[in-house]
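Since the structure comes first, as structure tokens, the remarks are kept for the end.
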Amino acid sequence: MVVRALGRPDYIYQQVELSLRNLKVEALDLWQLHDVDANVPIEETLGAAARLQEQGKIKDIGLSNVTLEQIERARKVVEIVSVQHMFNIAHRQQQPIVEYCETHNLAFLPYFPLGGAWLPMPDEALARAAARHNVTSVQLCIAWLLQYSPAILPIPGTSSIKHLEENMQAAELVLTPEEWTAVERDIAA
Ligand SMILES: NC(=O)c1ccc[n+]([C@@H]2O[C@H](COP(=O)([O-])OP(=O)(O)OC[C@H]3O[C@@H](n4cnc5c(N)ncnc54)[C@H](OP(=O)(O)O)[C@@H]3O)[C@@H](O)[C@H]2O)c1
């Protein structure tokens with residue numbers, strides 16, 4: 001099934017009301033535009049978000065799956081605090097957007113930070129590099145993201161408390177420049 005992004009203002013108002021009701025809150029701390037509707041100018045979609053912000057129904061506004069050009073257009077309409085895109089140790093196509101976020105003081109939320117359930121990661125090389133640091137491959141992926149850019153805020157998905165605890169511990173691993181280079185060499189091999 002193909003789900004098309006819907007960016008008409010009426011749809012945005014309706015969805016925010018539904019989120020407020022489902023979450024039982026008076027305001028959404030961070031509302032993110034999930035995808036840009038190819039048939040609605042981003043200015044119009046974000047104009048609706050700006051009105052919801054004025055009404056106090058959303059606090060901060062972010063974007064997802066956008067181009068650099070769309071980020072710039074969006075920032076002329078509202079203040080943008082975050083951008084979400086696929087990014088992880090094995091998939092770095094959005095590196096220019098990470099750099100843009102760093103330069104403009106926006107948070108970059110990498111989705112599929114661990115590669116997601118279905119993306120192939122360079123398993124053997126990653127496991128070798130992780131073993132050298134006495135951590136799991138997943139912990140190395142998280143530590144790598146945290147160290148890649150100060151703009152990056154990884155939110156790994158998990159349904160397990162044990163994994164959640166392991167993932168939190170990953171923040172303790174800080175690679176020296178030499179160790180970083182060795183990890184990069186290993187996973188590129
Ligand atoms: N904006 C967008 O277009 C977009 C698209 C996709 C996803 N997202 C968001 O991005 C976030 C992350 O995405 P995601 O959860 O799909 O991908 P992910 O975080 O890369 O991977 C989650 C998978 O990793 C496993 N995992 C987590 N911690 C682990 C550990 N310590 N050891 C072993 N396995 C572990 C999880 O299984 P267990 O449950 O067994 O731990 C789950 O199968 C979510 O908040 C999601 O909503 C946004």
Side-chain angles (χ1 to χ4, degrees), residues 1-7 11-12 15-16 18-19 22-23 25 28-38 40 42 45-46 49 58 60-71 74-75 78 80-98 100-101 106-149 151-175 183 187:
M1 184 181 71
V2 177
V3 180
R4 197 173 68 75
L6 296 174
Y11 182 76
I12 303 295
Q15 291 302 307
V16 166
L18 277 175
S19 294
N22 289 338
L23 293 168
V25 293
L28 303 178
D29 287 334
L30 174 63
W31 175 86
Q32 292 206 141
L33 177 63
H34 190 269
D35 265 302
V36 178
D37 183 337
V40 180
I42 194 168
T45 305
L46 290 173
I58 61 183
D60 285 317
I61 299 174
L63 303 168
S64 179
N65 300 308
V66 277
T67 62
L68 281 174
E69 189 239 339
Q70 287 168 332
I71 300 175
R75 292 180 71 215
V78 280
I80 298 295
V81 302
S82 62
V83 179
Q84 188 166 31
H85 248 300
M86 182 162 88
F87 192 79
N88 57 52
I89 198 166
H91 297 84
R92 308 182 189 183
Q93 290 86 340
Q94 302 304 335
Q95 182 181 345
I97 294 197
V98 178
Y100 181 95
C101 288
L106 312 182
F108 181 91
L109 312 179
Y111 71 71
F112 296 150
L114 312 178
W118 49 272
L119 287 168
M121 296 291 271
D123 283 335
E124 276 178 33
L126 200 59
R128 250 197 326 273
R132 270 206 314 276
H133 294 283
N134 212 16
V135 296
T136 67
S137 299
V138 162
Q139 287 174 318
L140 182 59
C141 284
I142 298 170
W144 182 90
L145 279 170
L146 287 169
Q147 216 171 321
Y148 186 88
S149 160
I152 290 189
L153 175 61
I155 310 178
T158 182
S159 54
S160 142
I161 297 288
K162 179 174 171 285
H163 286 170
L164 176 66
E165 285 169 354
E166 279 174 24
N167 297 350
M168 297 292 288
Q169 280 164 12
E172 288 166 24
L173 172 63
V174 179
L175 302 168
V183 169
I187 61 170

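First listed ligand is number 1; within each ligand, the first listed atom is number 1. For the single chain, residues carry numbers from 1 onward in sequence order.
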Are there over 12 heavy-atom neighbours, none belonging to L18, within less than 6.0 Å of that residue's CG?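 Result for CG/L18: enclosed.
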N/O donor-acceptor pair under 3.5 Å between [X] side chain and [Y] backbone:
X	Y	answer
N65	H34	yes
Q70	T67	yes
E166	Q139	no

Taking heavy atoms and a distance under 4.0 Å, where does [X] meet ligand 1: side chain, backbone, both or neither?
X	value
T158	both
N167	side chain
Q84	side chain
S64	side chain
N65	side chain

Where ligand 1 meets E166 - atom numbers and elements under 4.0 angstrom, heavy-atom basis: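 Close to E166: 31 (N).
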Looking only at heavy atoms, which two atoms of [X] and [Y] are closest? And how far apart?
X	Y	value
L175	Q147	O-NE2, 2.6 Å
G7	I12	O-CG1, 4.1 Å
L145	F87	CD2-CD2, 3.8 Å

Should one rank D35, I155, L164 by closest heavy-atom distance to atom 45 (O) of ligand 1, which comes out on top?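 Residue with the shortest heavy-atom distance to the ligand atom: I155.
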Report the member of H163, Q139, Q32 with the shortest heavy-atom distance to atom 37 (O) of ligand 1.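 Selected option, by shortest heavy-atom distance: H163.
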Is there at least one pair of N or O atoms, one from [X] and one from ligand 1, spaced under 3.5 Å apart?
X	result
P110	no
V138	no
P156	no

